[in-house]
Structure formats: C-alpha cells, structure tokens
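See structure below.
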Amino acid sequence: MLGPVLLAASRSDAIRRIVSATPVTRPVVDRFVAGERLAESMTAVRALTGRGMEVTLDHLGEDITDPVEALRNRDAYLALTEALKGEGLGERAEMSVKLSAFGQALPGGHDLALANVTPVVEAAAEVGTTVTLDMEDHTTVDSTLAILAELRKRFPQTGAVVQSYLFRTEDDCHALAGEGSRVRLVKGAYKEPASVAFQDKREVDRAYVRCLKILMAGEGYPMIGSHDPRLIAITQELARSYGRKLDEYEFQMLYGIREAEQERLVAEGHRMRVYVPYGTDWYGYFMRRLAERPANLTFFLRSLVSRG
C-alpha cells in the first residue's frame, strides 16, 4: 500500500526538501540516475553501448512553472543532441522527452510544448537519431498524442509511450499500431483515479498483454517497457506467434534495474534499450521508481540504515 503514498510524495515540495537534504540519498539516487551533468550521462551511454545495449536519454525536468524553464529544457536537449552526434551512435542512442518539461501544463501549454519540442525533434533527425514522447498523467494524453501526430507528419520515426493501466489504452494502441509507428508500452507510474485507470495489479497486467497483442499484430515497432519476467516471456512467445524477427521489436528497461536480465536478453540477440535519466531535477523520477517496486524501496531503506 506504500505505492500511492510514494506517488503522492513525488509531488510534495516539503518531502522533496527532506529527501534531498538527507545525506544518504545521493548514493542511492546514483543507482537510478546516471548523473546530474551531461558528461556523466555520456559516460553511462558509452558503458552501456559498449556492452551491446542501446539507450534512450531523459533530461529530468518536469512540472515546470515558468516558460523560461521550458526554454532551458529545450536547450538542454539540443545540447544532448550535439553530444550524441559526437558519439556517432545513430538510433542506438535516442532521446525521451516529457512534454511537461516543455511547458505543456502552462497556459497555452499545448502550443508552447509543440513549439519547444519541434526543434529538438528536428535536431535529432539531423544527427540520425529520434525522439520518443513520454506519457504522463491521464490529463495530458490527448494533448501528447495530438503533438505526436503533428510531429510525425515530418518525422514519422517519432515515438510515443502508452500506459496499460489506463482504460483508453487499448483503443490508443489500435490507433498507433500502423506502419512506421514506434510505441513503448509500459504499465504506468502515476497515481490515477479509478474512473480512468485499473487499480488492481492483475488487471493492469492483463491489460498490458491485451495491448501487447495489438502492437505485435500491427505494422509498427513495439517497444516493451517492462522488468516483469512473465511479461518478457509472453513478449517472446507473441513475437514468435506473429512472426516477428529479433530486430522488429525491442525490450526497454530502466537504468540500474535488473541489469543481469538486460545482459541476458542482449546475449540472446534481442534489442535491449536502457532508459537513462540524468539531471538535477531527479526527485520526482526517483520517488516513482520507489513506488513501482517494493524491492526498490527496500534497497533505499537498507541504505538509510546502513549509512545512518
């Protein structure tokens, strides 16, 4: 039952200050966040790609309150694009963006986010990589998918994320499963009301499989965002059933989580992309990781005790 409490805490400024000020927090955060600076994230990228993995990078910064912050986030991604160009990795290293970081929640936010993210997508295409639009809480889904549709007119490789715990997601998967579409399927990591989302884990898992079948049967490129061994096995079975080759879908996992499983999938010939977050605004991301899995929270609490 701690999950909803931690998700609520992820948006609390008071708890943010307490957690950030705790001396033992930083070493634990380092397990899930590749660093605060761009150079540190590039070190992580080189290590991961050197082991045969691919990456998607997320410059952390959401829930902004000022258009100037949106411009800073845009510029951070443009700097990231230049850094990736220097690595020469092409689509082995792409970028993930949260449109809230580009001003989506501000007045006139839809148009503002589109205006800010467009130059990032343009710059990504110029250096041979692409962008995936992360999905946030349910109130942003329509706007995010509308921005995706606009971007795909010029950049059809732009990806999207869908969350199986939302009731609407099966319909969204049908709409997104067309040729050329790139879709990352995740369970969902925000606290959502029962009016729009499944609350029971088993229902979320069953919805995940239904969505996965839609994407696997479609003409797009499914990206399976899960650490769940059962869902990974089901994915492999469905890929065989639908005749998909190993380069016609990929697995995605978070930086610092189930690293041995990441290595195993690569050894079996699968495409394995690691979601690599970096930046100073790590708190919200960190708390959602604790809420997702009891093992993550246990790891954090053990570190508090051992270092306290």
Side-chain angles (χ1 to χ4, degrees), residues 54-59 62 73 77 91 93-105 109-111 113-125 129-190 192 196-197 204 207-208 210-226 235 244 248-254 271 273-277 288:
E54 302 175 34
V55 298
T56 184
L57 286 122
D58 174 14
H59 177 263
E62 52 191 287
N73 285 325
Y77 272 99
E91 289 190 7
E94 59 144 60
M95 297 182 289
S96 291
V97 305
K98 288 181 173 59
L99 291 176
S100 64
F102 290 79
Q104 188 181 46
H110 178 88
D111 292 335
L114 177 59
N116 284 332
V117 78
T118 297
V120 174
V121 177
E122 291 172 338
T129 188
T130 189
V131 170
T132 295
L133 305 183
D134 277 334
M135 198 63 74
E136 300 179 71
D137 71 75
H138 77 279
T139 64
T140 69
V141 176
D142 286 332
S143 172
T144 299
L145 293 180
I147 289 174
L148 172 72
E150 188 64 31
L151 291 170
R152 291 196 74 226
K153 292 177 183 177
R154 293 174 55 202
F155 307 99
Q157 70 274 28
T158 306
V161 178
V162 293
Q163 303 170 111
S164 72
Y165 67 175
L166 295 180
F167 299 151
R168 62 173 290 168
T169 299
E170 287 181 65
D171 290 335
D172 289 333
C173 285
H174 280 294
L176 292 169
E179 184 177 359
S181 183
R182 297 170 60 255
V183 182
R184 179 194 303 151
L185 175 63
V186 300
K187 292 183 183 181
Y190 293 83
E192 297 285 13
V196 301
V204 175
Y208 192 103
R210 293 194 298 270
C211 292
L212 183 56
K213 288 179 178 178
I214 295 167
L215 296 176
M216 282 290 187
E219 299 179 327
Y221 181 76
M223 302 181 288
I224 296 83
S226 178
T235 296
R244 283 188 175 264
E248 293 177 338
Y249 65 99
E250 69 182 46
F251 291 103
Q252 296 192 357
M253 295 187 186
L254 299 173
R271 296 188 70 180
R273 192 178 300 274
V274 180
Y275 188 99
V276 180
R288 285 195 297 277

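Small disclaimer: the values here were computed from a predicted structure and weren't measured.
The shortest non-hydrogen separation linking Ser143 to His110 is OG-ND1, 2.8 Å. Minimum heavy-atom separation, Glu136 to Leu99: OE2-N, 3.4 Å. In terms of heavy-atom proximity, Tyr190 sits nearest to Lys98 at OH-CE, 3.7 Å. Taking both residues in full, the closest heavy atoms of Thr158 and Val121 are given as OG1-CG1, 3.8 Å, listed atom of the first, atom of the second, then distance. Thr118 approaches Leu114 most closely through the heavy-atom pair OG1-O, 2.6 Å.
Within the 4.5 Å cutoff, the side chain of Asp58 has no heavy atoms near those of the Val276 side chain. With a 4.5 Å cut-off on side-chain heavy atoms, Pro222 and Leu185 do not count as touching. Val131 is not listed as a side-chain neighbour of Leu151, based on a closest heavy-atom distance of 4.5 Å or more. In this structure the side chain of Asp172 reaches within 4.5 angstrom of the side chain of Val141, judged on heavy atoms. Side-chain atoms of Tyr249 and Ile224, non-hydrogen and from C-beta on, do get closer than 4.5 Å to each other.
Checked by atom type and distance alone, the side chain of Thr169 pairs as donor or acceptor with a backbone atom of Gln163 at under 3.5 Å. Under the 3.5 Å distance criterion, the side-chain polar atoms of Arg152 are matched with a main-chain donor or acceptor of Gly180. Within the 3.5 Å criterion, the main-chain N or O of Ala177 finds no donor-acceptor partner in the side chain of Ser181. For the pair Tyr77 (side chain) and His59 (backbone), a donor-acceptor distance under 3.5 Å is present. Judged by distance alone, the side chain of Tyr208 and the main-chain N or O of Tyr165 form no donor-acceptor pair under 3.5 Å. Checked by atom type and distance alone, the side chain of Arg182 pairs as donor or acceptor with a backbone atom of Gln157 at under 3.5 Å. Side chain of Thr140 to main chain of Asp137: a donor-acceptor pair is present (N/O by atom type, distance under 3.5 Å, no hydrogens or angles).
With rounding to the nearest 0.5 angstrom, the CD atom of Gln252 is 7.0 Å from the OG atom of Ser96. How far CE of Met95 is from CG of Leu57: 8.5 Å, rounded to the nearest 0.5 Å. Taking CZ of Arg273 as the reference point, atom CZ of Phe251 lies at 13.5 Å (rounded to 0.5 Å). Note that OH of Tyr275 and CE of Met223 are 11.5 Å apart. Values are rounded to the nearest 0.5 Å.
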| request: Decide yes or no on side chain to side chain contact (heavy atoms under 4.5 Å, CB included) for Ile147 and Phe102, but give the supporting numbers first. | output: CA-CA 12 Å; Ile147 289 174; Phe102 290 79; over 6 Å; no
| said: Show, in sequence, the C-alpha distance, side-chain angles and deciding distance for Leu145 and Met135, and conclude whether the side chain to side chain contact (heavy atoms under 4.5 Å, CB included) test is met. | reply: CA-CA 9 Å; Leu145 293 180; Met135 198 63 74; 3.9 Å; yes
| task | Evaluate side chain to side chain contact (heavy atoms under 4.5 Å, CB included) for Asp134 paired with Arg184, printing each intermediate quantity in order. | result | CA-CA 9 Å; Asp134 277 334; Arg184 179 194 303 151; 2.7 Å; yes
| task | List the steps, then state whether side chain to side chain contact (heavy atoms under 4.5 Å, CB included) holds for Thr235 with Met216. | result | CA-CA 9 Å; Thr235 296; Met216 282 290 187; 3.6 Å; yes
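Side-chain contact annotation: Thr144 with Gln104, donor-acceptor N/O pair under 3.5 Å present.
For the pair Glu54 and Arg271, the salt-bridge criterion is met [side-chain N within less than 4.0 Å of a carboxylate O].
When the salt bridge (Lys or Arg N to Asp or Glu O under 4.0 Å) test is applied to Arg244, no partner is found at least two apart in sequence or on another chain. Looking at residues two or more places apart in sequence or on another chain, you find a side-chain contact (heavy atoms from CB on, under 4.5 Å) between Ala207 and Ser164, Phe198, Arg210. Not a single side chain to side chain donor-acceptor pair (under 3.5 Å) links Thr129 to another residue, sequence neighbours left out.
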